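Hydrogens, waters and symmetry mates play no part in the numbers below; they use all other heavy atoms, side chains included. Residue numbers run from 1 in the order of the sequence given. Everything quoted here is computed from the prediction, not taken from an experiment.
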Amino acid sequence: MEVKVYEGNSLDSLVEQAKRELGEEIDILYYEVEKERSFLPFFRKKKYKLFVVPKEKRENNEIEKLEEELNEVKDLLTNIKSSLEENKLANSSFPIPEHIDSTSSCEENLTSEFTGDALELIKILIQKGVKKNIAEELVKEACGLDIETEKLDLSTPTLKGALIKGIEKHIEFTGEFSIKPGEKSIIAFVGPTGVGKTTNLFKIASRFVIERDLKVGVITTDTFKVGAVQQARTYASILNIPFFVVTDSKKLKETVSKMENLDVIFIDTVGRSHYDYWRLGEIKAILSGINLNVTLLISCNYKTSEAVEIVNRYRTFFPIDSIFFTKIDETSFPGILINIPVLTGLPVSYISTGQRVPEDVKLLTTETIADYILGK
């Protein structure tokens, strides 16, 4: 591209000069303005420098450039295609999204040791987001040897019965949060931002107050999220239970000591990213020095790999006692209910089924998980 430069004291004159020399179709790239030196500063003249290019030449150059780029792309695609054919990469282990991987070519990916209903159940589990190796291990617990095919098939009359048998062998359940008579229990809810800690804390608190007639109190350390304290205070007011806000370890211990007449104290913590070690350390410091049960909340719409990462990072700061699953109503792949407890070895407690307080929460059992996986 040939750029022409014109200098003078009138911008309009420079444009006219460019058109006379280059033709009416020109593109003005840009212009510069500077003032000429003078002994009288108020009478310094402006000097313009105009940069133009003939439009036709510019377009031709751009077309040539685009053609060069297209040729480069064609060459790149040709090389990629040749490489795929030579190395047969089409069947290699490219990173494929979990649920796509689990639903494609299911029969080809399964081992040849299963048949019949066992094979059918494994397919269902994988389609629901359960990891392939975990699905096979669970199903194997309910299998016997089919003499005719010499492969494993279910020894139970139903798919649900087989799945429950496998879950019982590989997943631990806490049952209701343990509250010992005459002894104050302290339960802290921790987890990433947006998993629903506050809402689900008050669901459980409501159950304890309404169904079990327990004396309950709530403490929040979440002064970070806008509206968090107001939301928690409103729930506490509806339940007519004591509610406190603390921001440091000393204040937390003092507040807990003042709540001696209660059966259970729930502590709501601020949501933090599992990558934010500094903030997680702050939460740990606030909770330090108190004997408590720590429940980690995990959203069911997380990918399994992400959820495992969250668990592993949180458990470096807190002794996690159980997993509380949330937002089961926001996913079509409930396999995480099986994957996480199997992969982490942590027991599971409750599951949140919606936004309503206190209705939308269930105690997790083998049958509950089986129903979610099989779509009952």
Side-chain angles (χ1 to χ4, degrees), residues 167-168 171-191 195-222 228-246 252-253 255-269 287 290-300 318-329 337 341 346-372:
I167 291 172
E168 287 174 343
I171 298 178
E172 181 183 351
F173 297 83
T174 65
E176 293 276 6
F177 286 138
S178 178
I179 310 299
K180 298 178 181 179
E183 184 177 327
K184 180 171 57 183
S185 298
I186 305 174
I187 303 169
F189 278 36
V190 302
V195 294
K197 290 185 295 299
T198 303
T199 302
N200 286 292
L201 182 151
F202 277 98
K203 288 178 185 177
I204 303 301
S206 299
R207 290 178 61 153
F208 281 14
V209 171
I210 299 169
E211 298 175 12
R212 300 176 64 176
D213 195 26
L214 294 171
K215 296 176 181 178
V216 176
V218 174
I219 300 172
T220 183
T221 66
D222 187 2
V229 172
Q230 290 82 351
Q231 179 190 20
R233 195 185 301 279
T234 300
Y235 282 136
S237 178
I238 293 171
L239 291 173
N240 194 27
I241 60 177
F243 173 76
F244 299 91
V245 181
V246 302
L252 178 61
K253 291 175 184 176
T255 304
V256 168
S257 66
K258 293 177 182 177
M259 304 168 77
E260 286 294 338
N261 62 324
L262 301 181
D263 299 309
V264 57
I265 299 171
F266 288 100
I267 301 178
D268 188 18
T269 62
L287 299 179
I290 296 177
N291 184 22
L292 45 73
N293 175 297
V294 180
T295 297
L296 175 62
L297 281 77
I298 295 291
S299 174
C300 289
F318 310 99
I320 305 299
D321 294 289
S322 70
I323 299 292
F324 188 134
F325 286 105
T326 67
K327 303 187 179 182
I328 188 63
D329 54 315
L337 297 177
L346 290 172
V348 295
S349 53
Y350 296 88
I351 186 167
S352 170
T353 61
Q355 294 296 315
R356 293 179 302 169
V357 178
E359 299 94 333
D360 293 339
V361 67
K362 291 181 181 179
L363 184 67
L364 272 174
T365 65
T366 54
E367 187 163 343
T368 305
I369 291 180
D371 284 342
Y372 277 116

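Although no hydrogens or angles enter the test, the distance criterion places a donor-acceptor pair under 3.5 Å between the side chain of Thr326 and the main chain of Val195.
Proximity of Asp329 to Gln355: side-chain heavy atoms (C-beta onward) are nowhere separated by under 4.5 Å. The closest side-chain heavy-atom distance from Asp263 to Phe208 is not below 4.5 Å. In this structure, Thr174 and Asp321 have side chains that are not in contact, with every pair of non-hydrogen atoms separated by 4.5 Å or more. In this structure, the side chains of Val361 and Ser206 stay at 4.5 Å or more apart for every pair of heavy atoms. For the pair Val229 and Phe243, the minimum side-chain heavy-atom distance is below 4.5 Å.
Note: Tyr235 and Phe202 have tilted aromatic rings, judged against thresholds of 30 and 60 degrees for the angle between ring planes.
Pairs of residues two or more places apart, or lying in two chains, that qualify as salt bridge (charged side-chain N to carboxylate O under 4.0 Å, His left out) and include a residue from residues 349-367 are Lys160-Glu367, Arg356-Asp360.
Considering CD1 of Ile267 and CG of Asp222, their distance stands at 13.0 Å, rounded to 0.5 Å. Note that the CG atom of Leu201 and the OG1 atom of Thr220 stand 8.5 Å from one another [nearest 0.5 Å]. Rounded to the nearest 0.5 Å, atoms OG1 (Thr366) and CG (Asp371) are 9.5 Å apart. With rounding to the nearest 0.5 Å, the separation of CD1 in Ile265 from CG in Leu292 is 10.0 Å. Atom CZ of Arg207 and atom CG of Leu363 lie 6.5 Å apart (nearest 0.5 Å). Atom CG of Leu297 sits about 10.0 Å away from atom CZ of Phe325, to the nearest 0.5 Å.
Residues forming a side chain to side chain donor-acceptor pair (under 3.5 Å) with Thr365 (at least two apart in sequence, or on another chain): Thr368. With sequence neighbours excluded, the residues satisfying side chain to side chain donor-acceptor pair (under 3.5 Å) with Asn293 are Thr295. By the salt bridge (charged side-chain N to carboxylate O under 4.0 Å, His left out) test, Lys184 is found to be paired with Glu260, residues two or more places apart in sequence or in another chain being considered. Looking at residues two or more places apart in sequence or on another chain, you find a side chain to side chain contact (heavy atoms under 4.5 Å, CB included) between Val209 and Val216, Ile241. Applying the side chain to side chain contact (heavy atoms under 4.5 Å, CB included) criterion to Lys253, with sequence neighbours excluded, gives Ser249, Ile290. With sequence neighbours left out, the ring pair (Phe, Tyr, Trp, His ring centres under 6.0 Å) criterion links Phe244 to no other residue. Partners of Thr255 under the side chain to side chain donor-acceptor pair (under 3.5 Å) rule, at least two apart in sequence or in another chain, do not exist in this structure.
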Could you tabulate the donor-acceptor pairs under 3.5 Å formed by side-chain atoms of residues 346-354, not counting sequence neighbours?
from   : atom 1 : to     : atom 2 : distance (Å)
Ser349 : OG     : Ser322 : OG     : 3.4
Ser349 : OG     : Ile323 : O      : 3.2
Tyr350 : OH     : Glu176 : OE1    : 2.4
Tyr350 : OH     : Phe177 : N      : 3.1
Ser352 : OG     : Asn200 : OD1    : 3.0
Ser352 : OG     : Lys203 : NZ     : 2.9
Ser352 : OG     : Gly354 : O      : 3.4

Practice problem: List the steps and the verdict of side chain to side chain contact (heavy atoms under 4.5 Å, CB included) for Thr199 and Val357. | Solution: CA-CA 7 Å; Thr199 302; Val357 178; 3.6 Å; yes

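Shown here for Lys215 and Asn261, the closest heavy-atom pair between the two residues is CD-O, 3.4 Å. Between Val294 and Pro319, the shortest heavy-atom contact is CB-O, 3.7 Å. In plain terms, the two heavy atoms of Lys327 and Cys300 that are nearest each other are O-CB, 3.8 Å.
Residue Phe318 forms a side chain to side chain contact (heavy atoms under 4.5 Å, CB included) with just one option from Thr269, Leu296, Leu287, and that option is Leu287.
Heavy atoms of other residues, nucleotides or ligands lying less than 6.0 angstrom from CG of Asp213 number 12 at most.
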